[in-house]
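Everything on this sheet refers to the single structure shown next.
Model, not experiment: these values are computed from the prediction.
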Amino acid sequence: KFYFKPYDPSSIEAPVAGNVIRIAYLDDSKVTINGVDATDKVRLYTLDGRSVAASYQVDGAAITVSIEALEPGTYILNVDNKQSFKILK
């Protein structure tokens, strides 16, 4: 037997705009992360878990990460253990 509850759209909460972290490629050499705190740390990893040195610059609620020195491939960009993103070089 299956029992269903009536759907109540008012029970769905909208996401909080301040907690959304977004990334954007500026060009082949930089990635910008928006919606972060100035104190957030950025870590870059290869797919096999090795940490890669990443230089980044903080500008208010945005962090710009230089990926120019990286070898072509796929990397995991971690923002202060809050959220991770897959980036391609």
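A donor-acceptor pair is defined here as one N or O able to donate and one able to accept, closer than 3.5 Å; no such pair exists between the side chain of Tyr75 and the backbone of Phe85.
Once rounded to the nearest 0.5 Å, the distance linking CD of Gln83 with CD1 of Ile33 reads 10.0 Å. Atom-to-atom distance recorded for Ile87:CD1 and Leu77:CG is 5.0 Å, nearest 0.5 angstrom. Ile76 contributes atom CD1, which lies 5.5 Å from atom CG of Leu47 (distance to the nearest 0.5 angstrom). Residue Thr32 holds its OG1 atom at 9.5 Å from CD of Gln57, rounded to the nearest 0.5 Å. For the atom pair Ile23 CD1 and Ile21 CD1, the distance stands at 10.5 Å (nearest 0.5 Å). Distance CG/Asp40 to NZ/Lys82: 3.5 Å, rounded to 0.5 Å.
Under the 4.5 Å side-chain heavy-atom criterion for Ile, Leu, Val, Met, Phe, Trp and Tyr, Leu26 and Leu44 are members of distinct hydrophobic clusters. Note: the hydrophobic cluster containing Tyr45 does not contain Val52 (ILVMFWY, side chain heavy atoms under 4.5 Å, direct or indirect links).
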Which donor-acceptor pairs under 3.5 Å do side chains of residues 62-73 form with protein atoms, sequence neighbours excluded?
none

- prompt: When you look at Asp48 and Thr46, which way does the side chain to side chain donor-acceptor pair (under 3.5 Å) test go after all the steps?
  reply: CA-CA 5 Å; Asp48 60 358; Thr46 60; 2.3 Å; yes
request  = Please step through side chain to side chain contact (heavy atoms under 4.5 Å, CB included) for the pair Tyr56 and Arg43, ending with a clear verdict.
outcome  = CA-CA 10 Å; Tyr56 61 92; Arg43 293 175 187 88; over 6 Å; no
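By the side chain to side chain donor-acceptor pair (under 3.5 Å) test, Ser84 pairs with Asn78, sequence neighbours left out. Under the side-chain contact (heavy atoms from CB on, under 4.5 Å) criterion, Asp27 pairs with Ser29, Lys30, not counting sequence neighbours.
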